[in-house]
Amino acid sequence: MKRFFLIAGLLAALSVPREPRACGGPSYFPVGEVLSPVEALLEQTLNPLYHFVDGYTIEAFLFLYPFHVDPARQGQVEDLWRLSYENRWDLDGTESAPGYSGASLEAFEAALRRGDASATEAEARRVVEQVLDMPLALANQNQKAFARALEYLDLKPSLPPLSAQTLEKYFLSAGGLWPPPPKRPWEMLSLPLALQQGWIVRLAARSDAAKLAEQFPQGPRAATLRFIALQEKFRGEIPNGWLEEIRKNTSPQTWRGLEGAADSWLREFPGHPLADLVRLARLRAHYYQGQADKAWDLLFALYPRRLARVLGEMRFLLKQGLNPARAGDAGQDPVLKTALLPFLKPEPAAWDSDWRLAERALPAPWALNLQERLLSQAVAMTKDGRPLPAAFPARAAAPSELWAQLRLMALLRAGRLDDALAQAQLLKSDPAGDLLRARTFLARGEWAKALAVAKLPDDAKRYLVRVLFDTPTLQGICRGPAGPWREEACLALAARAAARGDWNGGAALLEGSPKRAQLWREAARLSAETGPAGLLAFARFMKANSGKLFAPVRTEWYRSLNFRLSGLKDLPKPEAAKARSDPWSAEEESRAIREYFTANSERFYALKAYAAWLKGADPKNRAAAGVLGEADQTYNGLINWDNWNSPFWQEYLEKSEWALAIREAGKKIR
């Protein structure tokens with residue numbers, strides 16, 4: 001026989017799906033990370049990528065964080081915090097199930113045994129309230145204690161004076177949730193009417209709740225029976241399936257009927273312990289209908305009563321994208337305002353008042369977190385050249401590292417580069433802080449200073465030197481004192497000279513690398529011979545010395561540039577425009593990458609020389625077939641280098657004049 005379970009889930013369980021983890025991919029370095037638009041840096045800071053390339057929200061911007069750090073609320077929400085985030089590896093989560101708060105009937109049973117009616121009722125009420133205040137998932141695990149305590153509270157007002165032995169026999173003798181009927185059924189007739197009805201309810205199936213409520217409309221368990229009947233009505237009339245299917249397959253009349261049934265229960269039993277669960281049943285109806293305003297108004301009305309339960313439901317709505325339009329009424333708890341801030345549209349007037357609210361409340365932990373969240377909003381509010389809010393902090397400070405980073409990003413976004421530099425000096429020297437510090441130097445046009453930032457990765461610095469720095473900057477580094485980037489800068493200048501045909505000028509820049517300089521002088525000598533023999537000699541020389549004149553070709557480096565180029569292509573046109581804090585526009589950066597590829601590839605120089613030779617060659621020349629084979633080999637070497645991840649050469653050469661010349665020669669020679 002089915003038994004009653006009084007705490008069934010009125011909303012979907014508050015689950016926290018684990019973020020999917022990538023199973024691996026091609027090795028590369030995000031060389032352009034230091035050049036990301038400020039809004040992208042903000043996203044990266046608040047929702048970084050784990051080393052499995054999974055995204056997660058940092059602890060300080062989790063919905064529950066302001067409550068987690070508030071001493072007055074921490075104990076109330078600790079179970080919910082652990083339930084929500086225990087499997088997050090960035091929070092040192094664990095796969096094991098930690099211990100949570102549980103409801104105990106020991107004090108209730110002890111009071112009942114000693115005949116202390118007042119203490120028994122108080123303990124029963126304490127257990128009921130404790131479970132109602134739990135997060136939904138924990139409340140479901142404690143329904144046994146809840147049901148026994150609730151039964152006592154339902155029956156107690158209708159009971160005549162009874163001996164402790166009789167009460168103990170009824171409520172405790174079986175030691176379980178549903179004691180069996182007496183061995184001699186007629187003994188039930190000797191019990192008070194309220195206990196007789198209690199036995200009937202204990203033994204009934206859930207589906208009989210509505211009939212029993214009609215049969216005993218004034219019975220002591222009428223409210224509970226009507227509650228169970230309401231649960232069954234919701235369960236029976238709302239179809240299973242995905243959210244959109246439920247909305248499609250449930251008529252407006254059904255929703256009105258369900259909400260009307262909940263309202264009717266609340267009118268009849270407004271003070272019953274189950275009343276808040278019935279209110280949450282209405283929340284379920286609002287959620288399924290997509291009624292965000294009604295759902296949030298209901299939760300705001302319940303807040304801060306049932307704190308953990310209500311916050312759990314709020315978090316559920318936020319995870320489903322059903323965000324509130326506001327943070328509640330004007331007098332809303334500032335801790336809740338802080339928690340909801342990332343999910344609300346920023347408003348300048350509200351920003352200023354909220355900032356002053358936080359200033360007055362410092363050093364409360366939630367107040368600092370409110371400022372951090374407001375600073376993140378300030379980044380978005382400066383879009384399209386709008387100024388920072390009036391209450392924006394005027395002086396550089398670092399009450400927390402995150403606070404300092406966010407203020408810096410807002411200043412960069414607003415183009416206040418002198419203030420940004422002052423703020424950058426206060427950041428810690430760690431990968432995150434040095435990335436922003438280097439980004440500040442680049443925004444200010446002090447490009448070479450970015451190379452001195454300690455923890456900016458070498459691949460990012462290499463990208464700046466090899467690909468993006470202009471000639472004056474490279475000259476300053478190349479001619480300056482010895483340093484880790486001097487040789488790279490000189491080689492970058494030499495490559496640009498070679499692209500102009502000035503191989504001797506390039507060689508002069510490389511005297512610090514005698515072997516490489518000698519190769520450059522040989523390339524200069526061969527490139528000066530423009531006849532067929534000279535072209536062929538130059539092509540073969542460059543092909544044979546691939547990776548020796550310019551920087552060695554590493555697959556990860558090639559791939560990184562290709563990925564960066566593809567990302568720049570994919571930017572929407574408005575985002576490709578150069579902002580005040582961007583050292584290069586997307587178009588400028590894309591052009592620089594393409595120029596780097598063509599200026600720093602021995603094989604490409606060889607290919608051009610082979611194409612020129614074949615274009616003027618006699619197809620009957622016995623050497624032509626061999627030269628064609630060398631040209632094909634060079635062409636294939638370019639386009640097939642990591643071709644799945646690095647498509648530049650394939651796209652660049654496919655319809656180029658050099659590929660066309662080789663194909664035409666192939667038709668004639670073969």
Side-chain angles (χ1 to χ4, degrees), residues 491 494-510 515-553 555 558 561-562 565 591 593-644 646-670:
L491 184 56
R496 296 179 189 184
R500 301 190 302 268
D502 185 7
W503 289 92
N504 282 317
L509 293 165
L510 302 174
K515 290 184 179 179
R516 178 171 281 156
Q518 179 57 40
L519 290 173
W520 276 69
R521 285 190 288 271
E522 181 63 11
R525 184 186 67 80
L526 293 173
S527 65
E529 299 293 332
T530 57
L535 288 171
L536 189 56
F538 180 74
R540 287 172 171 168
F541 172 80
M542 297 302 285
K543 181 174 179 290
N545 288 284
S546 180
K548 297 179 181 179
L549 280 82
F550 304 106
V553 176
T555 300
Y558 245 59
L561 294 189
N562 272 272
L565 185 60
R591 182 169 60 252
I593 294 173
R594 291 191 293 268
E595 290 175 353
Y596 173 83
F597 275 130
T598 58
N600 287 267
S601 172
E602 295 92 346
R603 282 179 174 171
F604 181 56
Y605 282 107
L607 183 72
K608 291 193 290 184
Y610 278 128
W613 189 93
L614 289 168
K615 191 172 183 179
D618 182 351
K620 296 180 180 180
N621 185 332
R622 286 186 298 178
V627 174
L628 178 63
E630 293 176 33
D632 282 341
Q633 187 182 47
T634 304
Y635 180 85
N636 288 326
L638 281 169
I639 68 171
N640 290 323
W641 186 283
D642 192 40
N643 65 324
W644 290 106
S646 304
F648 170 78
W649 284 115
Q650 188 169 7
E651 295 173 358
Y652 184 76
L653 292 176
E654 184 178 8
K655 297 180 180 180
S656 67
E657 60 179 292
W658 310 289
L660 181 61
I662 294 171
R663 292 191 193 104
E664 290 298 320
K667 293 176 184 178
K668 297 174 183 177
I669 294 171
R670 292 179 180 146

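Residue numbers run from 1 in the order of the sequence given.
- With contacts defined as side-chain heavy-atom distances shorter than 4.5 Å, the pair Ser601/Trp649 qualifies.
- With sequence neighbours excluded, no residue forms a ring pair (Phe, Tyr, Trp, His ring centres under 6.0 Å) with Trp613.
- You'll find the ring centres of Tyr635 and Trp658 outside the 6.0 Å limit.
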For a side chain to side chain contact (heavy atoms under 4.5 Å, CB included) check, start with the C-alpha distance between Leu526 and Glu522, then their side-chain angles and the critical distance, and finish with the verdict. CA-CA 6 Å; Leu526 293 173; Glu522 181 63 11; 3.8 Å; yes
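- Atom CD of Glu529 sits about 9.5 Å away from atom CG of Leu535, to the nearest 0.5 Å.
- Remark: Leu510 CG to Arg521 CZ distance equals 9.0 Å, nearest 0.5 Å.
- Considering CG of Leu509 and CG of Asn504, their distance stands at 11.0 Å, rounded to 0.5 Å.
- Minimum heavy-atom separation, Ala523 to Met542: CB-SD, 4.4 Å.
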CA sep, side-chain torsions, deciding dist, call: Tyr558, Asp642, side chain to side chain contact (heavy atoms under 4.5 Å, CB included): CA-CA 8 Å; Tyr558 245 59; Asp642 192 40; 5.6 Å; no
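- In terms of heavy-atom proximity, Ala495 sits nearest to Tyr605 at O-OH, 4.4 Å.
- Taking CZ of Arg603 as the start and CD of Gln633 as the end, the distance is 8.0 Å to the nearest 0.5 Å.
- For Arg540, the salt bridge (charged side-chain N to carboxylate O under 4.0 Å, His left out) test picks out Glu630, with sequence neighbours left out.
- Looking only at distances, a side-chain donor or acceptor of Glu602 sits under 3.5 Å from a matching main-chain atom of Gly547.
- Applying the ring pair (Phe, Tyr, Trp, His ring centres under 6.0 Å) test to Phe648 and every residue at least two apart in sequence or in another chain returns Phe597, Tyr652.
- Rounding to the nearest 0.5 Å gives a distance of 10.0 Å between CG of Asn636 and CD of Gln650.
- Side chain of Arg516 to backbone of Leu549: a donor-acceptor contact under 3.5 angstrom is found.
- With Ile662 as reference, Asp632 is the one residue of Asp632, Leu653, Thr634 to meet the side chain to side chain contact (heavy atoms under 4.5 Å, CB included) rule.
- Heavy atoms only, all atoms of each residue included: Leu491 and Ala551 are closest at CD2-N, 3.6 Å.
- Between Tyr610 and Ala631, the closest heavy-atom pair is CB-CB, 3.8 Å.
- Shown here for Ala609 and Ala539, the closest heavy-atom pair between the two residues is CB-CB, 3.6 Å.
- Between Ala624 and Leu614, the shortest heavy-atom contact is O-CD2, 4.2 Å.
- Between Trp503 and Phe550, the angle of the ring planes lies from 30° to 60°, which puts this pair in the tilted group.
- Atoms CG and NZ, on Asp618 and Lys668 in that order, are 10.0 Å from each other to the nearest 0.5 Å.
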